[in-house]
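Below, chains carry the letters A, B, ... as their sequence lines are ordered, and counting in each starts from 1.
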Amino acid sequence: MSKPILLLVDGSSFLYRAYHALPDLRGPEGQTTGAVHGIVAMMKKLRDDIGAEHAACVFDAKGPTFRDEWYPEYKAQRAPMPDDLRAQIEPIHEVVRLLGWPVLEVPGIEADDAIGTLARLGAASGHQVVVATGDKDLAQLVTPDVSLINTMAKPPERLDEAGVLEKFGVPPDRIIDYLTLMGDAVDNVPGVEKVGPKTAAKWIAEHGSLDGVMANADKIKGVAGENLRKALDWLPMGRKLVTVRCDCDLDGHVPGWPALGALALKPVDESGLAGFYGRYGFKTWLKELTGELPAPKTKAAAPAAAPDASAAPTPPAAPLERRYETLLSWEQLDAWLARIEAAPLTALDTETDSLDGMQARIVGISFAVEPGRAAYIPLRHEGPDAPEQLPLDAVLARLKPWLEDASKKKLGQNIKYDSHVFMNHGIAVAGYAHDTMLQSYVLEAHKTHGLSALAERHLGRSGINYEDLCGKGAHQIPFAQVDVARATEYSGEDSEMCVQLSELLLPQIQAEAGLNFVYEQIELPTSAALARVERTGVLIDASRLQAQSHELAQRLVALEQQAYEIAGQPFNMGSPKQIGEILFNKLGLPVVKKTATGAPSTDEEVLDKLAQDYPLPAKILEYRGLAKLKSTYTDKLPLMINPATGRVHTTYAQAVTVTGRLSSNEPNLQNIPIRTAEGRKVREAFIAPPGHCIVSADYSQIELRIMAHISEDPGLLRAFQEGQDVHRATASEVFGVPLDEVTSEQRRYAKTINFGLIYGMGAFGLAQSLGIEQKAAKDYIDRYFTRFAGVKRYMDETKSRAAELGYVQTLFGRRIYLPEIKGGNGPRRAGAERQSINAPMQGTAADLIKLAMVAVQNELDARGLATRIIMQVHDELVFEVPEAELDWVKAEVPRLMAGVAQLKVPLLAEVGVGANWDEAH
DNA sequence: TACTTACCGCACGTC
DNA sequence: GACGTGCGGTAAGTAA
């Protein structure tokens with residue numbers, strides 16, 4: 001306690017904080033005084049509390065510093081100091097001096113650097129240094145002789161070395177590294193995107209320092225890891241910028257410098273201060289000063305007149321001159337109608353009030369027939385500035401003949417969505433000839449296919465960002481409230497970009513016969529068929545699901561109680577983290593394996609194993625299974641019933657998976673349980689209306705059949721040609737027993753092996769799913785390959801072909817790119833190799849069922865039948881069939897499905913009928 | 001500093 | 001093996 005104290009106040013950091021944190025105080029002359037008030041209060045308190053002998057209050061000087069030289073964008077984003085704060089700067093300097101503080105303001109040197117320099121000098125001269133700041137950056141200065149105090153925090157916090165470590169998770173000498181990784185938005189110093197305090201501290205803890213992190217950049221996973229790699233070049237400069245300099249030259253700026261005596265805290269200038277308090281209306285302090293009793297504070301609250309930040313400059317215009325017209329009169333509309341009537345191909349885009357195609361209503365429509373030109377018809381824009389618009393219904397009536405004329409060819413981005421939207425207004429658009437999303441999907445399935453991504457990739461143009469237009473999150477406004485002029489630019493651009501994209505992409509597709517087949521004969525017709533399926537929806541027995549939910553809820557409560565009793569305390573059974581805490585810390589169960597993040601794993605495999613010796617894991621497993629059923633299915637599905645149709649309408653994503661499969665969302669109808677009895681019950685709620693049945697038709701062993709076809713393995717071909725049970729046949733070969741002596745266990749093994757092969761599983765994966773030693777699994781695989789040498793040959797060939805070309809193909813010419821089969825590191829490359837085996841089979845299966853769906857739909861239409869496709873689940877089509885059409889469907893649908901391709905083995909589709917989806921299997 | 005949003009990891013459903 | 005969804009937890013971003 002004997003060391004003298006040097007107290008350094010970061011005046012600039014408190015300036016802003018006091019200004020923002022305090023109410024808008026006014027002095028007698030109406031001047032804003034909030035910041036002055038805040039600073040005075042703090043300086044008084046600091047002086048009283050710290051008992052310093054030497055002190056300085058340091059401010060940033062005006063003008064550039066060395067950091068601006070290193071990095072011109074430094075603090076460039078920072079809004080200019082508000083006028084009413086600027087006006088308080090001089091008074092603050094004045095009053096701080098009156099309070100007896102040396103004030104320091106050094107041109108060319110920021111307050112931080114001056115403080116750093118003073119702190120080092122003070123420590124060297126035997127002082128205990130206290131730095132008062134609201135800025136975390138100065139934590140880098142902390143040493144045994146230098147501590148930090150933040151008086152703005154609710155309980156003022158003092159940070160010594162241990163405190164810094166506790167608060168930031170890194171020691172003071174790693175604060176620079178920590179700040180470098182995070183960057184500083186306020187000073188416009190970038191760090192690594194998506195890295196905040198937690199991630200920065202974690203990385204530094206893992207790798208020791210910024211240099212360690214940078215050296216191991218390739219090992220860091222996730223988006224943040226990618227961002228780190230992108231930032232590697234920048235980080236040294238970032239580090240330079242966030243480093244506080246402790247070697248500044250302060251000569252000539254402090255009277256009496258370099259003797260520290262220059263920084264002696266002087267007595268308060270009472271008369272000067274009284275005058276100041278009087279001028280600023282600080283009555284309480286004035287009375288305090290003159291010895292009177294304190295009076296209650298007066299606050300003259302007045303709303304701050306915050307001027308809007310000036311709008312961001314708009315980017316310079318692109319080279320191609322673009323003219324988009326807003327159609328507000330019939331004359332304008334008719335002129336454009338004449339253009340699209342005459343055009344060979346028109347791009348079309350709708351703006352709506354919902355992302356859900358089944359619910360969306362039109363807000364505006366845009367057209368384009370050539371690059372650079374587009375028209376937008378605002379129809380339901382609202383707001384004070386919205387112009388008089390043409391009436392929606394009348395415009396749609398005018399456009400309807402053109403929209404429904406199949407000879408007028410149209411083009412769009414994700415046309416399935418737009419066709420729903422028009423259908424919501426009673427218009428069945430015909431003549432959709434192209435979809436840029438599907439074009440992109442056929443060319444490069446592994447990339448993303450949003451319009452802005454396509455524009456960026458192919459046109460080198462970013463397009464107006466939807467979020468710039470409407471905002472995001474809670475602040476997003478409906479499109480109808482977007483300014484019509486801006487909406488015209490946005491929507492017009494969408495249509496116009498479609499024109500350009502198609503001109504670019506279509507020739508690339510047409511240059512390859514296979515791709516062209518996939519695009520024209522598979523994807524485009526599938527899009528139309530899917531629109532029908534989505535629109536039809538599926539009938540759900542909500543009350544049945546609710547009853548199931550109820551029952552599940554009761555069982556869950558019971559399980560919960562039992563689990564709490566075993567654990568001796570309640571916990572969240574849905575949280576792996578809390579489960580881990582109870583299981584491994586409280587109850588002391590052995591940790592079987594860890595997750596990628598290093599936490600003890602509580603996955604099914606682990607709990608299964610632990611369940612052999614302990615009671616709780618089994619309860620958790622059962623709970624998990626039931627909770628999943630309840631939350632995902634029995635609770636959720638009834639909520640997804642469309643009130644207008646009384647049915648559930650999923651959306652099929654046609655451009656998501658790399659293999660060509662569809663995916664289904666909101667709700668996902670492709671993962672409704674089937675394996676367990678409890679899960680299957682959910683399928684009982686998928687029902688048909690009175691007088692109808694559910695019919696399910698699924699391809700039998702489609703991927704194995706495709707494997708037989710592609711590999712031409714004689715054994716496999718024969719098994720299918722002779723109509724054998726393939727798994728039994730496989731078992732017979734692998735185990736070397738006659739067909740009729742295959743045991744059920746042998747058949748089960750063979751079945752798993754077959755699936756493993758299709759999925760490109762190695763010995764490891766097979767061992768896991770069979771629960772056997774890896775060596776035994778390898779033996780089976782080897783035996784399989786000697787018996788089915790053709791399969792082995794196919795796999796080797798496809799792998800090397802994939803490595804050569806960088807992609808594999810389906811039977812119909814769909815391409816699946818595997819960029820990592822050439823580059824890529826060990827495991828990724830192995831993954832790509834597995835993909836190269838699996839993708840042609842899975843992709844061909846996807847092609848086949850798409851063709852089947854189109855063929856069946858066409859036949860239903862041609863015959864004018866009322867049977868409707870209601871779902872597609874990878875190898876299965878589900879129908880809602882009037883009883884009168886049941887016989888036809890049972891006979892013809894399997895025939896149509898089997899007939900979409902002639903393979904070297906028969907395609908077989910099996911059909912089932914029932915009152916609900918469960919029964920139909 | 002408090003609230004909202006975004007993302008990640010986990011678990012699990014299907015094929 | 002692939003895919004997608006939903007949940008809990010935490011980090012980041014934003015407004016006050």
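Every residue meeting the side-chain hydrogen bond (donor to acceptor under 3.5 Å, both in side chains) condition with A:N671, not counting sequence neighbours, appears here in chain and number order: A:Y633. With sequence neighbours left out, the side-chain hydrogen bond (donor to acceptor under 3.5 Å, both in side chains) criterion links A:T659 to A:Q842. Listed by chain and number, the residues in a side-chain contact (heavy atoms from CB on, under 4.5 Å) with A:A627 are A:L556, A:Y623 (sequence neighbours excluded). Taking the side-chain hydrogen bond (donor to acceptor under 3.5 Å, both in side chains) definition, one finds that A:Q654 meets it with A:E523, sequence neighbours left out. The side-chain contact (heavy atoms from CB on, under 4.5 Å) check on A:Q569 picks up A:I582, A:K586, with sequence neighbours excluded. In terms of the side-chain hydrogen bond (donor to acceptor under 3.5 Å, both in side chains) criterion, A:T526 has no residue partners (sequence neighbours excluded).
The heavy-atom pair separating A:G660 from A:Y441 by the smallest distance is CA-OH, 3.1 Å. Scanning both residues, A:S664 and A:L669, for their nearest heavy atoms gives OG-N, 2.8 Å.
Of the residues in residues 629-637 of chain A, those placing a heavy atom less than 4.0 Å from an atom of DNA chain C are A:S631, A:T632, A:K636, in numerical order. In the region residues 649-661 of chain A, proximity to DNA chain C at under 4.0 angstrom, judged on heavy atoms, holds for A:V656, A:T657, A:V658.
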Taking Watson-Crick (N1-N3 plus N6-O4 or O6-N4) and G-U wobble (N1-O2, O6-N3), each under 3.5 Å, can you produce the dot-bracket string of DNA chain C? Use [ ] for crossing pairs and | for inter-strand ones. |||||||||||||||.

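Both A:Q835 and A:M640 lie close to DNA chain C; mapped to their nearest nucleotides by heavy-atom distance, the more 5′-ward contact belongs to A:Q835.
The CZ-P distance, from A:R624 to B:dA11, rounds to 5 Å in whole Å. Spacing between atom CD1 of A:I781 and atom C1' of C:dG1 amounts to 12 Å, rounded to whole angstrom units. B:dT14 atom P lies 11 Å from atom OH of A:Y759, rounded to whole Å. Rounded to whole Å, the distance from OH on A:Y623 to C1' on B:dC12 is 15 Å. A:K194 places its NZ atom 15 Å from the P atom of B:dT5, with the value rounded to the nearest Å. C:dC7 atom C1' lies 16 Å from atom CG of A:L626, rounded to whole Å. As a whole-Å value, the separation of A:M871 CE from C:dG4 P is 19 Å. Rounded to whole Å, atom P of C:dC3 lies 20 Å from atom CD of A:E666.
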Mind listing the side-chain donor-acceptor pairs of residues 678-685 of chain A below 3.5 Å, one per line with the distance, residues two or more places apart or on another chain?
from	atom 1	to	atom 2	distance (Å)
A:E678	OE2	A:R555	NH1	3.0
A:E678	OE2	A:R555	NH2	2.7
A:R680	NE	A:D918	OD1	2.7
A:R680	NH1	A:I674	O	3.4
A:R680	NH2	A:D918	OD1	3.4
A:R683	NE	A:P673	O	2.7
A:R683	NH2	A:I672	O	2.8
A:E684	OE1	A:R544	NH2	2.9

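Residue pairs that meet the salt bridge (charged side-chain N to carboxylate O under 4.0 Å, His left out) test with at least one member in residues 650-667 of chain A, sequence neighbours left out, are A:R661-A:E703. Sequence neighbours left out, not one pair with a member in residues 189-204 of chain A passes salt bridge (charged side-chain N to carboxylate O under 4.0 Å, His left out).
Closest to the side chain of A:N668, out of C:dG4, B:dT14, C:dA11, is C:dG4. Of the candidates B:dC7, B:dC15, B:dG13, B:dC15 carries the atom nearest the A:H874 side chain, counting heavy atoms from C-beta on.
The phosphate of C:dT5 has neither OP1 nor OP2 within less than 4.0 Å of any side-chain N or O from A:N671.
Backbone-only engagement by A:I672 is indicated by non-hydrogen atom pairs under 4.0 Å involving sugar-phosphate atoms exclusively. At the heavy-atom level, A:P197 lies under 4.0 Å from the strands shown only through sugar-phosphate atoms.
Note that the CG atom of A:D698 and the CD atom of A:Q872 stand 11.5 Å from one another [nearest 0.5 Å].
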